[in-house]
Amino acid sequence: MLISKLPNVGTTIFTTMSQLAADTGALNLSQGFPDFDGPDALREALARHVMAGHNQYAPMTGLPVLREQVAVKVAGLYGRKVDPATEVTITPGATQAIFCAIQAVIRPGDEVIVFDPCYDSYEPSVQLAGGVCIHQQLSLPDFHIDWQRLADAITPRTRMIVLNTPHNPSGALIDADDLERLAALIRERDIYLLSDEVYEHLVFDGREHASVLRHDELYQRAFVVSSFGKTYHVTGWKTGYVVAPPALSSELRKVHQYVSFTGVTPLQWALADFMAEHPEHISELPAFYQAKRDLFCDLLAGSRFSFTRATGTYFQLADYSAIRPGLDDVAMAEWLTREHGVASIPISVFYQSPPAGLRLVRFCFAKREETLRQAAERLCAI
Ligand code: PMP
Ligand code: GLN
């Protein structure tokens, strides 16, 4: 008889809601992806490299030119000098990077602390390594880490803590003080960090992204993960990277080489060209997405939803207690899609046990102005 290794895993909420949006013709503000294209120069570079014959395997760790560009970026933004040969690994998406980092260090019986609401790929990856996730809830309403509770949750079996900043789905950020507290907490312990920083460039209102790459002590035990898909508006390119000290990178690469061996070659060439030729792209991103957040929030101010503006990511949470207080968020997201033509993501699915009375749905504002206007108009009519 087949006994599932992942008995609790079904179809992800992203697939479910995007499918429902497609079936009902609703505006899809659920799954996180832009409804506009990546830069012309990036897409042209891809076509050029495909035609130039860059179509065979890239080196296992990623194309040297792209690893070099990542190292240049990390030095410029976070002041860390990393060796592209031993500390940067290109992966087919951040999801694969997360999986490989977890497999590289987690053994049966190890505990991994994750903060709920948490991204859906962490737990299955931990389970497949034989580990168990210990879920800590972020404190509401602003989704911050409760340091005392975290200290209490650490045991001799704790092997990893998973951070995600800017945070999906809440849009919250951790700051430099949080990193100091974390460093003090794990200093004497044998605990690794997985820092999911895929929204590193989507930070608003003049705030700074507190990357683990800025922190000397934490970096020594960290896998820092990012995604070109988010940064360059090409989520379908499924290309990401991990920055980690040489010893950790070496273990991660042992897994990566048997999960996929390498990433897609022409995509890596195109990204390397674009990064070299358009360094301004990343510095313009905060303002680009902040304008979308503000447009969406300004329009939503006329609705019965209540919200605090996201400080990062391209997601906006909205509280619907004034509209359908009796409806749980999964039912609410379905109702909004079917009856009002706007698809969202219920956030209870990111919890092991959601807090009672949670009435929040997540809207993705990585959308063209006309999509945001249409969505807001429908939401304001409720
Ligand atoms: N982590 C978080 C928090 C995300 O939102 C995403 C986006 N899907 C990922 C990781 C995975 O990124 P990628 O598409 O590059 O695999
Ligand atoms: N990260 C995206 C989101 O949060 C979804 C990615 C996926 O579908 N796996 O919406």
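Both counts, for ligands and for their atoms, begin at 1 and track the order of listing.
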Starting from [atom], what is the nearest protein heavy atom, named by residue and atom, and what distance separates them?
| atom | value |
| --- | --- |
| atom 9 (N) of ligand 2 | Y119 OH, 3.4 Å |
| atom 7 (C) of ligand 2 | F14 CD1, 3.6 Å |
| atom 8 (O) of ligand 2 | Q31 NE2, 2.7 Å |

Worksheet item: Got more than 12 heavy atoms from elsewhere within 6.0 Å of CZ, R149?
Response: yes
Worksheet item: What is the minimum heavy-atom distance between F307 and L317, and which atoms define it?
Response: CB-O, 3.3 Å
Worksheet item: Looking just at side-chain N and O atoms, do T61 and R67 make a donor-acceptor pair shorter than 3.5 Å?
Response: yes
Discussion item. Which label fits Y241 and F228: parallel for a plane angle under 30°, tilted from 30 to 60°, or perpendicular past 60°?
Written reply: tilted
Practice prompt. May I ask you to list the atoms of ligand 2 that are less than 4.0 angstrom from any heavy atom of K230?
Written response: 1 (N)
Practice prompt. Run the ring-centre check on Y289 versus F204 and record whether the distance is less than 6.0 Å.
Written response: no
Item to complete: May I ask you to check whether H167 and F350 place their ring centers less than 6.0 Å from one another?
Response: no
Practice prompt. If you link ILVMFWY side chains whenever their heavy atoms are less than 4.5 Å apart, which other residues fall into the same cluster as F99? By chain and number, please.
Written response: L6, V9, L128, V255, V259
Fill in: G32 N/O under 3.5 Å from ligand 2 N/O
yes
Practice prompt. Please indicate whether any nitrogen or oxygen in R362 is less than 3.5 Å from any nitrogen or oxygen in ligand 2.
Written response: yes
Please report, to 0.1 Å, the donor-acceptor pairs under 3.5 Å made by any side chain of residues 269-279, with sequence neighbours excluded.
unit_1: D273; atom_1: OD2; unit_2: R48; atom_2: NH2; d: 2.9
unit_1: D273; atom_1: OD2; unit_2: H49; atom_2: NE2; d: 2.7
unit_1: H278; atom_1: ND1; unit_2: E280; atom_2: OE2; d: 2.9

Discussion item. Run the side chain to side chain donor-acceptor pair (under 3.5 Å) test against T239 and tell me which residues pass, sequence neighbours left out.
Written reply: none
Quick check on [X] - does any of its heavy atoms sit under 4.0 Å from an atom of ligand 2?
| X | result |
| --- | --- |
| Y199 | yes |
| M17 | no |
| N168 | yes |

Worksheet entry | Qualifying residue for salt bridge (charged side-chain N to carboxylate O under 4.0 Å, His left out) with R373, from E370, E369, E377 | E369
Return a table of N or O atom pairs, ligand 1 on one side and protein on the other, at distances under 3.5 Å, rounded to 0.1 Å.
unit_1: ligand 1; atom_1: 1 (N); unit_2: D196; atom_2: OD1; d: 3.4
unit_1: ligand 1; atom_1: 1 (N); unit_2: D196; atom_2: OD2; d: 2.6
unit_1: ligand 1; atom_1: 5 (O); unit_2: N168; atom_2: ND2; d: 2.8
unit_1: ligand 1; atom_1: 5 (O); unit_2: Y199; atom_2: OH; d: 2.5
unit_1: ligand 1; atom_1: 8 (N); unit_2: Y119; atom_2: OH; d: 2.8
unit_1: ligand 1; atom_1: 8 (N); unit_2: K230; atom_2: NZ; d: 3.0
unit_1: ligand 1; atom_1: 14 (O); unit_2: K238; atom_2: NZ; d: 3.1
unit_1: ligand 1; atom_1: 15 (O); unit_2: A94; atom_2: N; d: 2.8
unit_1: ligand 1; atom_1: 15 (O); unit_2: S227; atom_2: OG; d: 2.8
unit_1: ligand 1; atom_1: 16 (O); unit_2: A94; atom_2: N; d: 3.1
unit_1: ligand 1; atom_1: 16 (O); unit_2: T95; atom_2: N; d: 2.9
unit_1: ligand 1; atom_1: 16 (O); unit_2: T95; atom_2: OG1; d: 2.6
unit_1: ligand 1; atom_1: 16 (O); unit_2: K238; atom_2: NZ; d: 2.7

Worksheet item: Backbone, side chain, both or neither: what part of F315 comes under 4.0 angstrom of ligand 2, heavy atoms only?
Response: side chain
Worksheet item: With the threshold set at 4.0 Å, does a side-chain nitrogen-carboxylate oxygen contact exist between R338 and D23?
Response: no
